[in-house]
Protein chains: 2
Amino acid sequence: MREFRSKLRVLLIDDNADHLRGVKELITLESCYDVVGATTSANIGINLAKKYRPDIILMDINMPEKDGLQAIQDIEKLGLNSKIIALSGYDDADLIFRAMKLGAKGYILKTMASAQLIYAIDEVAAGKIYLPSALSSRFFEYFQRSFKEEAVSSDTENLLTYLTAREEEVLDLLTQGNNYKGIAGKLFISETTVKTHVNNIFQKLQVNDRTQAVLYALNNGFANKRKTKMAV
Amino acid sequence: MREFRSKLRVLLIDDNADHLRGVKELITLESCYDVVGATTSANIGINLAKKYRPDIILMDINMPEKDGLQAIQDIEKLGLNSKIIALSGYDDADLIFRAMKLGAKGYILKTMASAQLIYAIDEVAAGKIYLPSALSSRFFEYFQRSFKEEAVSSDTENLLTYLTAREEEVLDLLTQGNNYKGIAGKLFISETTVKTHVNNIFQKLQVNDRTQAVLYALNNGFANKRKTKMAV
DNA sequence: ATTGGAGTAAATCTTTGGGTTGATATTTTG
DNA sequence: CAAAATATCAACCCAAAGATTTACTCCAAT
């Protein structure tokens, strides 16, 4: 897999000029890395990323001008294969979580020793994901808390279990935005039959209309082929 | 925080009797741990957990009788403060992800050295989360892949951006299952005005009815106070 | 000063949705 | 086998939702 290319190309984006300079010198000292760009502007950084397609991008995510997280997202959308390492002054769980969610391959604190910075770059360059164990713990606490409510809320009885197979089919089509006619057509039954099913669904889910039925379904694990999401 | 209690209590659940015995001996050798139970049955294990409320539970998640992941969920629901460490023969990303999602404080492979097992227990007992770096990488790859599709799908224009502030308010109430009357009452405007807004929303989102509007909103990042979820 | 967007509202009309009752065939299950 | 649950359909009615048009006010941009 190692190609013929001699050095891995690194792009630095950090609005603190002093820190930027320091990191640049530090990385330049490493024989295997080549700093192809260093800028204090997120927008310029994004353009440099487009231009040079660096192997590694060190991105400060606490910048005033443009949100560093947004910048990560923008760069990820470009579909370059650059590996982004988030640089931050804070070990805030939410920041870490969001950075990782957006595709950052690492997250390091500015206060960390320079040796650790190099180590992180090495690891990420090697295709791994680098999170110092302290931050990793933060991440997992946050991660697990995000799912806690789910588990708790699911102790209330799930009314979906009372639906018959046919009713589930109908509900599934409801959650795809179909009206009576659409459902009737797709299930090859009459519209009045669909109405009967839908009415039974309303009774069982204890709701008054289709919108509430759809919401109940989506909020109570009616997964059916639907991509569900998590709060950003 | 350290209490007057001398030893931390550990419960072992592993359907492989040999492995169970080995781990039990290993842990008993450690002066700071006390094995309060060791069973090859997940169900018995759950009952032992209820009875002893151990500090640490080592749970094998590859058991035929009962799914170990299910057992983790069951124990978590009991609301004991036991910290569960998942034990597995496989470093499957999906398994790791699901175990952590269910609240496991650690995940270790049966093939790992005994010193590492003890280290993991120490770390978890100290309130940290322990994932060997190799597994941690697996986890993050899986984690980021789960969010990839989201980011990609969002390259299609988000029609929600065209909504006015008022329309967003109305849509928000729609996504809570309100009808015209309910929305009118909550916004202190007439029902006909609500209809106007809703119709404008339909135009802008290019949908035909409220259910489709709600679905569009939920599928396109209309987060508004709503707990969103992620596929299990 | 005036244009345009946003929010408000009413009138009208058509379609869809929701509730009810009752009927029949099929399947499940005790 | 008999009883119960499920799936099918019809006819009915009323309420709610959706489409369209018109119009007034306020506010911001020019």
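Atoms considered below: every heavy atom in the structure, side chains included; atoms not considered: hydrogens, waters and symmetry mates. Naming: A, B, ... by sequence-line order, numbering from 1 per chain. This structure is a prediction, so every number in the text was calculated from the model and none was measured.
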Between CD1 on residue I72(B) and CE on residue M100(B), distance to nearest 0.5 Å
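The CE atom of M100(B) is 9.5 Å from CD1 of I72(B), to the nearest 0.5 Å.
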Axis bend over the full length of the helix from dA1(C)-dT30(D) to dG30(C)-dC1(D), computed from five pairs that close each end, to 10 degrees
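That helix has its two terminal axes inclined by roughly 50°.
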What residues, two or more places apart in sequence or in another chain, satisfy side chain to side chain donor-acceptor pair (under 3.5 Å) together with D91(B)?
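Expected list: R138(B).
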Once side chain to side chain donor-acceptor pair (under 3.5 Å) is applied, do any residues pair with T193(A), and if so which ones, sequence neighbours excluded?
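Side chain to side chain donor-acceptor pair (under 3.5 Å) list for T193(A), sorted by chain: S190(A).
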Whole-Å gap separating C1' (dT8(C)) and CD (E169(B))
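E169(B) atom CD is separated from dT8(C) atom C1' by 14 Å.
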Without decimals, in angstroms, what is the distance between N200(A) CG and dT8(D) C1'?
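To the nearest whole Å, that distance equals 12 Å.
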Considering residues, nucleotides and ligands other than Y52(A), do more than 12 of their heavy atoms fall under 6.0 Å from its OH?
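Counting other residues, nucleotides and ligands, OH of Y52(A) stays at 12 neighbours or fewer.
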Which nucleotides of nucleotides 15-20 of chain D have their base under 4.0 Å from a protein heavy atom (B), which only their sugar-phosphate (S), and which neither (-), written as one string 5' to 3'?
--BBBB
Protein proximity profile, nucleotides 24-30 of chain C - base contact B, sugar-phosphate-only contact S, no contact -, cut-off 4.0 Å on heavy atoms
-------
Determine, step by step, whether Q203(B) and N199(B) satisfy the side-chain hydrogen bond (donor to acceptor under 3.5 Å, both in side chains) criterion, reporting the C-alpha distance in whole Å, the side-chain angles of both residues, the deciding distance to 0.1 Å, and the verdict.
CA-CA 6 Å; Q203(B) 300 301 319; N199(B) 266 292; 5.0 Å; no
Could you list the protein-to-nucleotides 4-7 of chain D atom pairs, N/O on both sides, closer than 3.5 Å?
{"from": "dA7(D)", "atom 1": "OP1", "to": "R166(A)", "atom 2": "N", "distance (Å)": "3.2"}
{"from": "dA7(D)", "atom 1": "OP2", "to": "T164(A)", "atom 2": "OG1", "distance (Å)": "2.6"}

Taking NZ, NE, NH1 and NH2 as the nitrogens, is one of them in K204(B) or E167(B) under 4.0 Å from a carboxylate oxygen of the other?
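Salt bridge flag = yes for E167(B) with K204(B).
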Does a salt bridge link D14(B) with K110(B), judged by any charged N lying under 4.0 Å from a carboxylate O?
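Yes, D14(B) and K110(B) are salt-bridged.
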Which is true for T192(A) with a 4.0 Å heavy-atom rule: it touches a base, it touches only sugar-phosphate, or it touches nothing?
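Since a base atom lies under 4.0 Å of T192(A), the category is base.
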Cation-aromatic face contact R210(A)/Y180(A), 6.0 Å, 45 degrees
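Because its charged atom sits under 6.0 Å from the ring centre and within 45° of the axis, R210(A) does stack over Y180(A).
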